Amino acid sequence: MPRTPAAVLLPVYRTEGERWLAMVLRTGHGVYGAQLAFPGGKWEPGDATLADTALREAAEETGLDPAEARIVAGLDPVATRTTGFEVTPFVALIARPARWQPDDREVAGIVEARIADLADPRHHGEEVMDFPTWDEPRLSPFIRIREHRLWGLTYRILAPVLPRLAAGEWG
């Protein structure tokens, strides 16, 4: 079965010598409601590349000016388990906006986390979770970010690249 192409942006920035990663908290509706995610979405015919998709979606969802983002890495695509997408992640170094402008139709808020905290094993865990589209509950790894849990596709995108982000590979 062919998958629908999509892309997400992993926006990385520096503040006071610390590297941070920005994510969106989805609104409470839809399959992925109230979950942490990277800004992104499906490819549209006006997008020349999947990198353009990631930048466009980040602009729409967070107000990030694409001119303030420099893509430094394209990562291996990750297939969703429930919705039929093939998601290509892009790491971008950004100038953090003075004020995020989340699209209130899709985004309940912006969650920012220090990369050092994301990499800290004390914030990692596993839990048996049930999700409406799953046949049965399953053990799911997660990273706790304050009152939130980063899990699912977002975790599968971040986990393999987190050591590289923590090491400062891209700035």
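All heavy atoms count here, side chains included; hydrogens, waters and symmetry mates do not. Residue numbers run from 1 in the order of the sequence given. Please read these numbers as outputs of a predicted model, since none were measured by experiment.
Put simply, the side chain of R144 does not reach to within 4.5 Å of the side chain of L150, judged on heavy atoms. No side-chain heavy atom of V91 sits less than 4.5 Å from a side-chain heavy atom of I71. D103 is not listed as a side-chain neighbour of V24, based on a closest heavy-atom distance of 4.5 Å or more. Residues V8 and I157 have side chains in contact (heavy-atom distance under 4.5 Å, counting atoms from C-beta outward). With contacts defined as side-chain heavy-atom distances shorter than 4.5 Å, the pair H148/L25 qualifies. Counting heavy atoms from C-beta outward, P39 and E57 have side chains that stay 4.5 Å or more apart. Between L64 and L9 the shortest side-chain heavy-atom distance falls below 4.5 Å. Side-chain contact between P11 and L21 is present, with at least one heavy-atom pair separated by less than 4.5 Å.
Checking side-chain atoms of R14 against main-chain N and O of L93 turns up no donor-acceptor pair under 3.5 Å. Between the R26 side chain and the A108 main chain, no donor and acceptor come within less than 3.5 Å of each other. In this structure a side-chain-to-backbone donor-acceptor pair under 3.5 Å is present from T80 to F85. Between the side chain of T62 and the backbone N or O of A58, at least one donor-acceptor pair lies under 3.5 Å. Of the possible donor and acceptor atoms, none in the side chain of D47 sits under 3.5 Å from a partner among the backbone N and O of T49. Panel note: side chain H124, backbone L118; a donor-acceptor pair is recorded below 3.5 Å.
At a threshold of 4.0 Å, the pair E86-R3 does not count as salt-bridged, since none of the basic side-chain nitrogens sits closer than that to a carboxylate oxygen. For the pair R149 and E127, the salt-bridge criterion is met [side-chain N within less than 4.0 Å of a carboxylate O]. Salt-bridge annotation for R56 and E44: present, with a side-chain N of the basic residue lying under 4.0 Å from a carboxylate O of the acidic one.
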Q: Take I94 and V12 through the side chain to side chain contact (heavy atoms under 4.5 Å, CB included) test and state the conclusion after the steps.
A: CA-CA 6 Å; I94 69 165; V12 176; over 6 Å; no
Q: Evaluate the side chain to side chain contact (heavy atoms under 4.5 Å, CB included) criterion for residues Q35 and W151: first the C-alpha distance (whole Å), next the side-chain angles of each, then the deciding distance (0.1 Å), finally the verdict.
A: CA-CA 8 Å; Q35 292 184 28; W151 67 285; 3.5 Å; yes
**Q.** Stepwise side chain to side chain contact (heavy atoms under 4.5 Å, CB included) check, L162 with I143
**A.** CA-CA 11 Å; L162 190 52; I143 300 172; 4.1 Å; yes
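Scanning both residues, P89 and D76, for their nearest heavy atoms gives CD-O, 3.4 Å. Of all non-hydrogen atoms in T27 and D104, the two that sit nearest each other are CG2-O, 3.5 Å. Taking every heavy atom of both residues into account, A7 and F90 meet most closely at CB-CE1, 4.0 Å. The shortest non-hydrogen separation linking T53 to G41 is CG2-O, 3.4 Å. When all heavy atoms of A22 and F38 are compared, the pair lying nearest together is O-CD2, 4.1 Å.
Taken to the nearest 0.5 Å, the CG atom of D117 stands 8.5 Å off from the CZ atom of R122.
Linking Ile, Leu, Val, Met, Phe, Trp and Tyr residues whenever their side-chain heavy atoms come within less than 4.5 Å leaves L153 and L50 in two separate clusters. The same ILVMFWY cluster, assembled from side-chain heavy atoms under 4.5 Å apart, contains both V72 and I115.
E112 and W100 share a side-chain donor-acceptor pair at under 3.5 Å.
Using cut-offs of 30° and 60° on the angle between ring planes, the pair W20 and Y13 is parallel.
For the side chain to side chain contact (heavy atoms under 4.5 Å, CB included) test with V107, the passing option among M23, Q101, E61, E60 is E61; the others fail.
Within 6.0 Å of atom CD in E147, more than 12 heavy atoms from other residues, nucleotides or ligands are found, so the atom counts as buried in its surroundings.
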